[in-house]
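Everything below concerns the one structure shown next.
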2 protein chains.
Amino acid sequence: MIERIVPAGETAGPPTSSAAAGTRLDPWLGAYAQRTHGMRASEIRALFAVANRPEVVSLAGGMPYLDGLPLDVLSDVASRVVSQRGLQALQYGSGQGDVTLREQILDVMRLEGIDAHPDDVVVTTGSQQALDLVTRIFIDPGDVVVAEAPSYVGALGVFRAYQADVVHVPIDEHGLVPAALEETLASLAATGRRVKFLYTVPNFHNPAGVSLSTERRPAVLAIARRYGVLVLEDNPYGLLGFEGEPRPAIRSMDDEGVLYLGSFSKTFAPGYRVGWVVAPHAVREKLVLASESAILCPSSASQIAISTYLSTCDWQGQIKSYRELYRERRDATISALAEHLPEASWNVPDGGFYVWVKLPDGLDSKDMLPRAVTARVAYVPGTAFYYDGGGASHMRLSYCFPTPERIREGVRRLASVVAGERELVELFGTTSSIPDSVVDAPGPDVA
Amino acid sequence: MIERIVPAGETAGPPTSSAAAGTRLDPWLGAYAQRTHGMRASEIRALFAVANRPEVVSLAGGMPYLDGLPLDVLSDVASRVVSQRGLQALQYGSGQGDVTLREQILDVMRLEGIDAHPDDVVVTTGSQQALDLVTRIFIDPGDVVVAEAPSYVGALGVFRAYQADVVHVPIDEHGLVPAALEETLASLAATGRRVKFLYTVPNFHNPAGVSLSTERRPAVLAIARRYGVLVLEDNPYGLLGFEGEPRPAIRSMDDEGVLYLGSFSKTFAPGYRVGWVVAPHAVREKLVLASESAILCPSSASQIAISTYLSTCDWQGQIKSYRELYRERRDATISALAEHLPEASWNVPDGGFYVWVKLPDGLDSKDMLPRAVTARVAYVPGTAFYYDGGGASHMRLSYCFPTPERIREGVRRLASVVAGERELVELFGTTSSIPDSVVDAPGPDVA
């Protein structure tokens with residue numbers, strides 16, 4: 001989980017070399033590709049080992065709450081997938097994905113105003129694979145991706161894996177700030193940097209919780225067009241709004257300049273790993289080739305399970321019940337913050353999974369994490385969501401998985417940790433004496 | 001499916017540029033990464049659209065024959081996966097894969113003499129994803145992969161996608177020729193080329209059908225070690241031998257210098273997309289990070305389905321029945337070749353899915369393909385399995401999917417096509433007047 005430290009200048013020999021024999025050194029260290037040296041465990045990942053213990057209230061993960069799913073009905077769906085369509089479900093399928101499922105995906109996207117053709121859709125192994133494929137076909141080392149500050153940690157990881165540079169653009173309570181985007185693209189153009197795409201989560205942003213206002217969407221699109229920059233619209237949460245109708249997708253306003261990523265992981269269940277990307281014709285061809293190279297084809301069993309679920313179950317009713325569930329948890333989070341952490345500040349998301357909390361001045365969310373875990377509460381420090389080391393003043397609280405009661409208990413614990421940190425800051429002026437490495441360690445025994 | 005031809009020097013503008021508006025040109029053509037320019041549809045892929053028509057006898061695809069699977073039992077397995085373990089099966093899981101499944105994979109590998117630890121195993125979305133991840137972490141553009149001549153087309157595609165150079169090493173009826181491997185590695189070392197790994201399918205080779213003899217295995221390993229080259233052992237077919245016991249895996253002889261790829265796609269069913277890679281500790285850590293970046297985690301639903309199948313069904317009995325099924329089809333293929341195509345030559349595989357056929361002198365398998373499809377039989381031309389354009393004198397016949405009767409009919413049709421080609425050659429001295437592009441086209445209407 002933790003990158004082992006290897007003496008500088010250590011080079012690989014064949015596995016029989018005396019340097020490697022009987023040691024924990026990696027005999028293949030000198031053989032890795034350049035891109036591999038940038039791979040490292042994310043803060044979220046290092047957390048999982050600790051935060052999954054039952055005594056810890058985890059406000060860290062983005063796992064949807066599945067207890068409300070009708071398992072008896074879904075068990076019947078799973079059974080029929082094999083008994084009625086087994087020879088297809090158990091076989092290889094098309095690299096682009098099952099055509100019936102692609103047609104059904106159009107119905108899902110129509111709720112956000114998207115008008116597309118089944119040929120435009122490529123089914124992927126979760127929308128994470130779509131992120132990987134898009135980055136793979138567009139990014140050469142050193143190319144620039146422009147992304148919100150903060151941005152989804154898993155996207156930043158993909159961009160890093162392909163050796164992109166990420167340039168952040170600020171957001172406010174209405175999402176990405178058009179003037180700041182314009183300024184960033186102009187300044188990158190002036191220095192001759194090659195910007196390949198703008199990565200944005202326009203709805204119920206991960207981690208910031210905000211949404212790009214309907215008014216700003218055409219403006220963002222127009223700026224991207226003017227600079228010849230593709231828009232990568234990542235939209236796992238768009239149907240999980242707590243009020244009113246879904247906002248129109250950016251893709252609904254432009255079918256040539258936008259790549260749209262969707263997913264069933266948050267609106268249904270992540271265990272099947274089914275997401276998708278909608279792309280202009282020529283780009284879609286490249287994505288299919290890239291996906292065939294990466295996995296041959298997405299799982300037929302998973303696709304037919306999702307397809308059968310969509311055609312035989314009340315999937316819109318399920319989304320509605322998720323919305324109510326998550327709204328209640330959002331309310332529990334916000335009221336607990338108001339009661340226990342009034343010295344912090346936060347947004348009030350109107351959908352999705354996340355509240356983005358700004359700590360009182362002088363506190364560092366990454367430094368504080370080991371003490372929080374000791375106090376049996378976990379979150380993700382803001383630094384995970386910045387490419388450039390920013391974000392230490394913030395933390396992401398996920399309210400999707402714990403019950404409202406657990407959320408309130410978690411925020412209470414967090415408040416006591418923050419109070420302790422503030423005392424430290426008042427006494428010593430800093431909390432940063434604790435080495436960073438503790439944060440990535442397996443963590444203290446909190447049993 | 002076919003790469004559109006775009007005028008040389010065409011560059012991308014923003015999607016609103018007049019050059020792009022209303023045309024079929026790709027407005028993002030100038031934005032692709034270097035690696036993307038090398039992506040192209042494989043010959044196998046272009047074939048699928050035609051060869052899947054029911055009137056065509058397809059000896060082209062590598063799809064396993066699933067009609068013998070007990071769908072009623074598997075339907076019950078699928079049902080229980082959701083009813084009894086639904087909250088886990090429908091949720092995100094570990095990036096490395098389910099630990100119970102990883103333990104069960106050890107039982108599968110023990111049949112080929114592999115002694116490993118569950119920590120050494122990374123579950124992947126089919127072993128194609130394992131190929132992608134290994135190549136991703138090791139290959140910089142221009143690095144060399146040494147591979148058998150011929151080699152699995154899907155592996156060559158991955159190596160191409162990461163801009164590797166592939167250098168082929170000849171095989172004979174006992175598999176990879178050690179002296180040729182030594183000579184190739186020595187010559188690459190002399191020219192200063194960086195060889196990252198040796199890619200080999202040691203059992204029932206795709207497409208050549210041969211196996212690396214047990215005697216040669218330590219020799220191949222010793223040569224790779226001597227040159228500091230990792231061995232990438234790809235073994236989807238190892239348990240599908242028609243006679244005797246499985247050969248010991250190369251991995252069973254060395255746990256530091258070999259990456260081993262396994263799969264349930266051929267011994268059970270490909271629709272779940274579950275494969276795996278076994279790697280030394282430090283390499284395994286990189287593979288997990290790379291996989292998390294690529295897909296977050298493999299499908300929990302698929303993994304638990306396979307795990308439940310392994311723990312509650314007679315999976316070894318299923319493999320035994322597959323072996324009998326495929327042996328019968330191998331026999332049908334060989335006897336039909338002997339009867340109808342005595343002027344060709346071929347190997348007699350003792351396991352797996354493929355016969356590698358050498359055409360009579362002067363014939364070109366790629367040129368001949370459109371005429372074969374018109375005669376309602378499909379195969380894969382040998383050129384698909386070479387990085388350097390070789391292989392035109394050979395074709396791959398897959399006997400895995402069609403019934404013995406269909407196989408005999410297919411070989412009869414093929415023989416008549418070959419006879420026609422030989423007449424052409426005798427008359428004109430060549431068959432290459434037919435443009436290559438026809439091979440990649442959707443094909444004539446054969447209805």
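Labels below follow one simple rule: chain letters A, B, ... track the order of the sequence lines, proteins then strands, and each chain is numbered from 1. All of these numbers come straight from a predicted model, not from anything done at the bench.
- Of all the heavy atoms in B:Gly271 and A:Ser299, the pair that sits closest is O-OG, 2.8 Å.
- Counting heavy atoms from C-beta on, the side chains of A:Met39 and B:Ser293 never come closer than 4.5 Å.
- Not one N or O on the side chain of A:Ser83 forms a donor-acceptor pair closer than 3.5 Å with the backbone of B:Asp72.
- We find the CD1-OG distance between A:Ile295 and B:Ser127 to be 12.5 Å, quoted to the nearest 0.5 Å.
- Nearest heavy-atom pair, A:Gln91 versus B:Pro270, reported as atom, atom and distance to 0.1 Å: OE1-CG, 3.3 Å.
- Using a 4.5 Å cut-off between heavy atoms, A:Ala161 contacts chain B through its side chain alone, with no backbone atom that close.
- Proximity to chain B (any heavy atom under 4.5 Å) is shown, for A:Asp140, by both the backbone and the side chain.
- Using a 4.5 Å cut-off between heavy atoms, A:Phe159 does not touch chain B at all.
- Looking at B:Thr36 and A:Phe138, their side chains never come closer than 4.5 Å, going by heavy atoms from C-beta outward.
- Between chain A and the residues B:Gln129, B:Arg35, B:Arg80, B:Gln303, the largest count of heavy-atom pairs under 4.5 Å involves B:Arg35.
- For the atom pair CG (A:Leu71) and CD (B:Gln84), the distance works out to 11.5 Å, reported to the nearest 0.5 Å.
- Scanning both residues, B:Gly30 and A:Arg194, for their nearest heavy atoms gives O-NH2, 2.9 Å.
- Contact count against chain B (heavy-atom pairs under 4.5 Å) is highest for A:Ala294 among A:Ala294, A:Gly86, A:Ala269, A:Gly126.
- Between chain B and the residues A:Gly275, A:Gly93, A:Cys297, the most heavy-atom pairs under 4.5 angstrom are made by A:Cys297.
- At a 4.5 Å heavy-atom cutoff, the contact between A:Ala290 and chain B is made by backbone and side-chain atoms alike.
- Proximity to chain B is absent for every atom of A:Ile304, based on heavy atoms less than 4.5 angstrom apart.
- Shown here for B:Pro27 and A:Glu256, the closest heavy-atom pair between the two residues is CG-OE1, 3.1 Å.
- Looking at A:Asp67, both its backbone and its side chain come within 4.5 Å of chain B, counting heavy atoms on both sides.
- In this structure, the portion of B:Thr135 lying under 4.5 Å from any heavy atom of chain A is its backbone and not its side chain.
- If you measure heavy-atom distances from B:Leu131 to chain A, you find no contacts under 4.5 Å at all.
- The parts of A:Pro64 that come within reach of chain B are both its backbone and its side chain, each placing non-hydrogen atoms under 4.5 angstrom from that chain.
- Rounded to the nearest 0.5 Å, atoms CD (B:Gln34) and CD1 (A:Ile139) are 13.0 Å apart.
- Chain B forms more heavy-atom pairs under 4.5 Å with one residue of A:Leu230, A:Thr125, A:Val158 than with any other, namely A:Leu230.
- Both the backbone and the side chain of A:Arg136 come within less than 4.5 Å of a heavy atom in chain B.
- Interatomic distance, CG of A:Leu90 versus CZ of B:Phe264, reported as 14.0 Å (0.5 Å rounding).
- With rounding to the nearest 0.5 angstrom, the CD atom of B:Gln128 is 4.0 Å from the CG atom of A:Leu296.
- Note: A:Ile137 CD1 to B:Trp28 CH2 = 11.5 Å, rounded to the nearest 0.5 Å.
- Among all heavy-atom pairs drawn from A:Tyr92 and B:Gly62, the shortest one is CE1-O, 4.1 Å.
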